[in-house]
Protein chains: 2
Amino acid sequence: MNGELEGSASRQRERHVSEARHKLIDAALASLIELGFSRTTGVEVCRRAGLTRGALNYHFPDYGNLLAAALGTAYDNLLDLPTRPRDEGPLEGWVQRAHSCIVRPDFKAIIELWLASQNDPELGATLSEAIAQGSQLFDPVFTLVDCDIELTPEAEAVYRTISEACVGLGVGRSVSGGPLAHETQVIDALLNIARDADRKISNRTKKRGADHGAH
Amino acid sequence: MNGELEGSASRQRERHVSEARHKLIDAALASLIELGFSRTTGVEVCRRAGLTRGALNYHFPDYGNLLAAALGTAYDNLLDLPTRPRDEGPLEGWVQRAHSCIVRPDFKAIIELWLASQNDPELGATLSEAIAQGSQLFDPVFTLVDCDIELTPEAEAVYRTISEACVGLGVGRSVSGGPLAHETQVIDALLNIARDADRKISNRTKKRGADHGAH
DNA sequence: ACCGGAACATACATTCATGTATGTTCGGGA
DNA sequence: TCCCGAACATACATGAATGTATGTTCCGGT
């Protein structure tokens, strides 16, 4: 209640606390990437973090919250990707963006947790918010809302097609342990599809721009 | 060695044997679909099959072989899909084919085992042949070899793009427990892409057909 | 100097899946 | 009729992960 005294005391420790927390979260994420969900256990996470189960139970009384935190970290890792120069069209940029996401090993952890949350309803309830937050990653409606890019139904279909294809490539990476032999082939095809669609959209915008007059 | 006596004796039982085997395999497949890999355990499979672990150990001393058999059954289920009328172009048909594959619940079991085989190297060795056999499902090079369809690099890229997009949709189904809201949207976009590519190929073939003369 | 709580570590009991051994049934051949 | 082996079921031991309780350290306040 009286946050004054607690604050001064706990603020000194806060770094210490979050150190162990981050260790556990990072260890969980690394284990998910290397061993998958089924082999990512409490003791395994503690082993990797160099801590004991006491620490795990202290910071994460509910094991699902650890996985939720790991999922959030994985999403953050994908969102922290360097923003590309915006020379290209929006759909072409979308291909680059989606591809740079699925290339990261964190993407495997995301897939593992996606499937696990569906297999285990209890875990699914715990992860639901984290999943909902991160499902925007491949959703053009959420991602482009702040840009001044209008989203026609046809364009949205292409956006989502690109996303799904990249998810497929990401699964292929997770399954084969490395990039599929035809990954660049598919990415090139997606780039061609994206450029075609970008051209169509650009032409339509220009036409409408002529009607509206210059800004 | 002398298969005569063994044959007459065991042939009587063969139906009985394969009954239990099939029960176990089907139970494993159902468990993979409903509970995923991590929760698909020996006792769970036996419970579903109405048998005991003695039967499981008798028919599948190596647990991985049960999963391999389940994977093979899942592939068979996908391959036994009704062949569509061939009115459409080859790429358009490929979209239909890939989509009809990922719609089946068996596809989730395949994804689960794909990931599990990568996470567990020992299991991966056991499943490798079954996986190799079934990876042809989405590989146009293997699937179209008996058809008289020639496969240009550009066409192959579109084939694989369609496949990866459908895999992405399949994962989405496995994750959300049902079809994604934009599944038909993506399929329609893929159909458009496929028809475009089919047209290009068709034109090129006609042109070359004119050079060769009629058959 | 004493105390109290945060941040862990340690220890024990339980559960669950598995490995393995042994028991049981049942049908066919001698 | 007797016996033998296939095709299971049953039972016990093991190991691993988890739930839970308790112990320990360290730091800050009084």
Side-chain angles (χ1 to χ4, degrees), chain A residues 1-28 31-32 35-67 69 116 119-120 122-123 126, chain B residues 1-28 31-32 35-67 69 116 119-120 122-123 126:
Chain A
M1 299 303 172
N2 54 351
E4 303 289 337
L5 294 177
E6 282 186 2
S8 63
S10 67
R11 202 156 301 169
Q12 301 278 0
R13 315 227 174 186
E14 199 162 329
R15 186 181 30 174
H16 216 87
V17 172
S18 54
E19 259 189 41
R21 268 185 68 95
H22 278 88
K23 275 187 184 178
L24 289 169
I25 295 171
D26 291 342
S31 178
L32 284 170
L35 303 179
F37 171 76
S38 63
R39 293 196 151 188
T40 294
T41 173
V43 296
E44 176 63 26
V45 171
C46 293
R47 250 194 35 195
R48 288 172 179 261
L51 297 171
T52 63
R53 293 205 316 121
L56 175 62
N57 200 289
Y58 178 79
H59 290 287
F60 297 96
D62 183 0
Y63 180 68
N65 290 125
L66 171 66
L67 298 179
N119 291 328
D120 187 344
E122 194 173 350
L123 178 62
T126 309
Chain B
M1 297 306 171
N2 54 348
E4 302 291 336
L5 294 178
E6 283 185 0
S8 62
S10 65
R11 202 155 301 169
Q12 300 279 358
R13 314 229 175 189
E14 198 162 327
R15 185 182 32 175
H16 216 87
V17 172
S18 53
E19 260 190 41
R21 268 186 67 96
H22 279 89
K23 275 186 183 177
L24 289 169
I25 295 171
D26 291 343
S31 177
L32 284 170
L35 303 179
F37 171 75
S38 62
R39 294 195 148 189
T40 295
T41 174
V43 296
E44 176 63 24
V45 170
C46 292
R47 250 195 36 192
R48 288 172 180 261
L51 298 172
T52 64
R53 294 205 313 123
L56 176 60
N57 200 288
Y58 178 80
H59 290 287
F60 296 98
D62 182 1
Y63 180 67
N65 290 126
L66 171 65
L67 298 179
N119 291 327
D120 186 344
E122 194 174 351
L123 178 62
T126 308

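Each chain gets a letter, A, B and so on, in the order the sequences are listed, and its residues count up from 1.
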May I have the distance from [X] (atom [atom1]) to [N] (atom [atom2]), rounded to whole angstrom?
X        : N      : atom1 : atom2 : result
A:Leu56  : D:dT20 : CG    : P     : 14 Å
A:Leu66  : D:dA17 : CG    : C1'   : 15 Å
B:Arg39  : D:dT18 : CZ    : P     : 13 Å
A:Arg47  : D:dA16 : CZ    : C1'   : 13 Å
B:Glu122 : C:dT18 : CD    : P     : 13 Å

Given [options], identify the nucleotide with an atom nearest to the side chain of [X].
X       : options               : value
B:Arg53 : D:dA11, D:dA9, D:dT20 : D:dA11
A:Thr41 : C:dT18, D:dT18, D:dC8 : D:dT18
A:Val43 : D:dC8, C:dA9, D:dA17  : D:dA17
B:Tyr58 : C:dT18, D:dA7, D:dA17 : D:dA7

*Between the side chain of B:Ser31 and the main-chain N/O of B:Val45, is any donor-acceptor distance below 3.5 Å?*
no
*Within the structure, does a side-chain N or O atom of A:His59 lie under 4.0 Å from either OP1 or OP2 of C:dC8?*
yes
_Stepwise side-chain contact (heavy atoms from CB on, under 4.5 Å) test for A:Asp120 and A:Phe37_ = CA-CA 11 Å; A:Asp120 187 344; A:Phe37 171 76; 5.6 Å; no
